[in-house]
Amino acid sequence: MAEAQRHPFLHGLSKHRGAPPTVVVIFGASGDLTARKLIPAVYNLGVDNLLPTDFHLVGYGRKEISDDEFRTLAADAIKEFSRRELNPGVWDRIAANTTYVAGGYDDADAFKRLAAHIGDIEARVGRDVQALFYVSTPPSVFAPILKNLGAAGLAHKHLAHPHHAKVIIEKPFGRDLASARGLNGTIRSVFEEHQVYRIDHYLGKETVQDLLVQRFSNAIFEPLWNRNYIDSVQITVAEEVGVGTRGGYYEQSGCLRDMIQNHTMQLLALTAMEPPVSLDAESIRNEKVKLLKAIQPLRLGPDGDVARAQYSAGMIGGKPAQGYLEEEGIAATSKTETYAALRLSINNWRWQGVPFYLRSGKRMARRVSEIAINFRRPPGTLFAESEKFNLAGNTLAFQIQPDEGMSLILNAKVPGLETRTQPVKMNFRYATTFGSNTPEAYERLVLDAMIGDGTLFIRGDEAETSWKLCTPLLESWAAAGRDGMDQYPAGSWGPGSAAALLAKNNHHWRQP
Ligand code: BG6
């Protein structure tokens, strides 16, 4: 049995007891993600007493810095980005086992030094130590890192042992189907699939995990969760931020690659997949792949299933915001979309005929991610829509972030002697019910990788299936250049072409 299968999803707080002595090696140690997310995640696991007793952190990067300098960088990152303040007692314990190895990513000798360094740690601990390699670098060096881990004998470390070496790969996982296949090929030439943890940090979000709990632990949803009762589904991942200083990266990426192919498709897969036979990693991932495979190829062209746009100048939070083409590092002729909307059809028994609308964009009216399930309207025999009967369709909305929660729109009688109706909203908010001390996605993901639970990571075939759907669209956009590129003012809910996409089916976008 693969190791991941022994650690079913949701096995609760006892999980840290399963984490063996571990050394986490971060490639890209002085990078932005390391400072913003990874170091704070490790630190917060320490605060919650979820790190194994023998825990070691090794930064690896091209910069020639000392162990002490790396510890200072890490402490500064915690002060700036951690959700909880730096507690010297906790940090000192982690810092005492924090070291740095300087080396190039294509430098085989440096990887031998890394192997020796891990060997020294193991000698000090006095027993086998699991190595977890976190590849948090630009994708151009993924392949040399993987190959050098293999050549230095690190990939197969303790392979026969349950606590063998593991590798976490950050996004982007390829930029189209061919490159994702190529990357999977490189990974498999060095690691076995059960050693590999492909990150999509949306899966680490509490509300995304709660989606599974809501769907499969409440009996009221399943009978309604199909084309007989559901009219359409809208998945929105809207951001208020623009490209900021990431113009160089974003120009090569765009919304479809940056957000839709991964985060939004994952939300779709969890919303629409069949109930898995159990909550272990393979069962859940099998269902996600089956669902992704049932999505019909997108119809391209002007009357097709897609819209794309760039933000133009507008207002954000009452302040003027410049357009995408004026941003730093962006070509005036850029053909990179900052917004994309898709209408997807899922060709299976459950969803035949139910449109799934996906949209994501930068510089939208506000930051909000939600999944809205719109139910069919009841027959209008009793309450036909009129001035007296202000009726809404029922909508169940999972608010992924911010202000995490769930709401249900129902129609209710307005109190009074006359029968009038009005839509009302039932609300559940995490912060109100559970308080607001929610772990960050990366805390959950680093912990899960340490204990060998792959449920919240992407399997190789899953990444490829999603790319298979998106690649023809990317190719058609590349061929069309700026033809068909719409615009939307910064601070708005998106372009007219996206509204038109829904209008064809008499639908309209929600304003969450
Ligand atoms: C990243 C994208 O994967 O997700 C960014 O590269 C985006 O462009 C970010 O801003 C959004 O993540 P979150 O967790 O803030 O919704």
Side-chain angles (χ1 to χ4, degrees), residues 28 31-38 40-41 44 81-83 134-140 142 168-175 180 197-211 235-268 270 308-311 316 321 324 327-330 334 336-340 358-371 398-405 430 438-446 456-458 463 466-467 470 490 512:
D32 202 45
L33 186 80
T34 303
R36 281 175 188 276
K37 300 290 181 190
L38 306 187
N44 279 290
F81 299 115
S82 163
R83 70 188 165 94
Y134 199 125
V135 183
S136 168
T137 61
S140 55
F142 286 180
I168 303 186
I169 315 265
E170 256 303 330
K171 71 177 279 251
F173 195 85
R175 47 180 290 107
Y197 295 76
R198 295 172 191 78
I199 286 264
D200 184 315
H201 77 278
Y202 267 58
L203 293 179
K205 291 184 190 277
E206 280 289 332
T207 37
V208 176
Q209 296 162 50
D210 188 43
L211 186 59
I235 301 181
T236 300
V237 181
E239 294 188 280
E240 208 177 291
V241 291
V243 289
T245 52
R246 296 169 73 220
Y249 153 77
Y250 200 82
E251 266 294 82
Q252 302 306 315
S253 172
C255 182
L256 196 76
R257 288 190 172 97
D258 190 48
M259 300 295 282
I260 301 266
Q261 180 275 336
N262 37 57
H263 308 324
T264 320
M265 294 294 268
Q266 283 298 317
L267 298 183
L268 167 68
L270 293 173
R308 64 173 170 149
Q310 291 173 336
Y311 57 85
I316 293 278
Y324 180 63
E327 299 271 24
E328 187 191 323
I330 307 300
S334 166
T336 301
E337 78 290 351
T338 61
Y339 175 101
L358 270 50
R359 66 175 160 171
S360 179
K362 298 250 182 238
R363 281 285 189 238
M364 293 186 62
R366 72 185 188 91
R367 174 175 182 252
V368 59
S369 298
E370 70 152 35
I371 301 164
F398 297 91
Q399 187 145 329
I400 304 297
Q401 64 184 25
D403 197 15
E404 291 78 1
Y430 279 75
T438 308
E440 284 230 6
Y442 279 92
E443 295 170 35
R444 171 75 190 224
L445 296 174
V446 169
L456 300 175
F457 296 85
I458 311 292
S466 176
W467 276 120
C470 294

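Each ligand, and each atom within it, is numbered from 1 in the order the structure gives.
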Check each N or O atom of ligand 1 against all protein N or O atoms and list the pairs under 3.5 Å, with atom names and distances to 0.1 Å, one per line.
| from | atom 1 | to | atom 2 | distance (Å) |
| --- | --- | --- | --- | --- |
| ligand 1 | 3 (O) | Lys171 | NZ | 2.8 |
| ligand 1 | 3 (O) | His263 | NE2 | 2.7 |
| ligand 1 | 6 (O) | Lys171 | NZ | 3.0 |
| ligand 1 | 6 (O) | Arg246 | NH2 | 3.0 |
| ligand 1 | 6 (O) | Asp258 | OD1 | 2.6 |
| ligand 1 | 6 (O) | Asp258 | OD2 | 3.4 |
| ligand 1 | 8 (O) | Arg246 | NH1 | 2.8 |
| ligand 1 | 8 (O) | Asp258 | OD2 | 2.6 |
| ligand 1 | 8 (O) | Lys362 | NZ | 2.7 |
| ligand 1 | 10 (O) | Glu239 | OE1 | 3.4 |
| ligand 1 | 10 (O) | Glu239 | OE2 | 2.5 |
| ligand 1 | 10 (O) | Lys362 | NZ | 3.2 |
| ligand 1 | 12 (O) | His201 | NE2 | 3.2 |
| ligand 1 | 14 (O) | His201 | NE2 | 2.8 |
| ligand 1 | 14 (O) | Lys205 | NZ | 2.6 |
| ligand 1 | 16 (O) | Tyr202 | OH | 2.4 |
| ligand 1 | 16 (O) | Gln401 | NE2 | 2.7 |

Next on the checklist: Checking side-chain polar atoms at under 3.5 Å, does Gln252 have a donor or acceptor matched by the opposite partner on Arg175?
Outcome noted: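 No, no side-chain donor-acceptor pair sits under 3.5 Å.
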Item to check | Distance-only donor-acceptor check, side chains Asn44 and Tyr442, under 3.5 Å | outcome: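 No - no donor-acceptor pair under 3.5 Å links their side chains.
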### Query
How close do Thr336 and Gly254 get, heavy atom to heavy atom, and via which atoms?
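It is CG2-CA, 3.4 Å.
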Output every pair passing salt bridge (Lys or Arg N to Asp or Glu O under 4.0 Å) with a member in residues 245-257, not counting sequence neighbours, ordered by first then second residue.
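Found none.
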Next on the checklist: Applying the side chain to side chain contact (heavy atoms under 4.5 Å, CB included) criterion to Tyr430, which one of Asp210, Asp403, Thr438 satisfies it?
Outcome noted: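 That would be Asp210; it is the only one of Asp210, Asp403, Thr438 passing the side chain to side chain contact (heavy atoms under 4.5 Å, CB included) with Tyr430.
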Would you check if the side chain of Thr34 reaches a backbone N or O of Gly28 as a donor-acceptor pair within less than 3.5 Å?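 At least one qualifying donor-acceptor pair exists.
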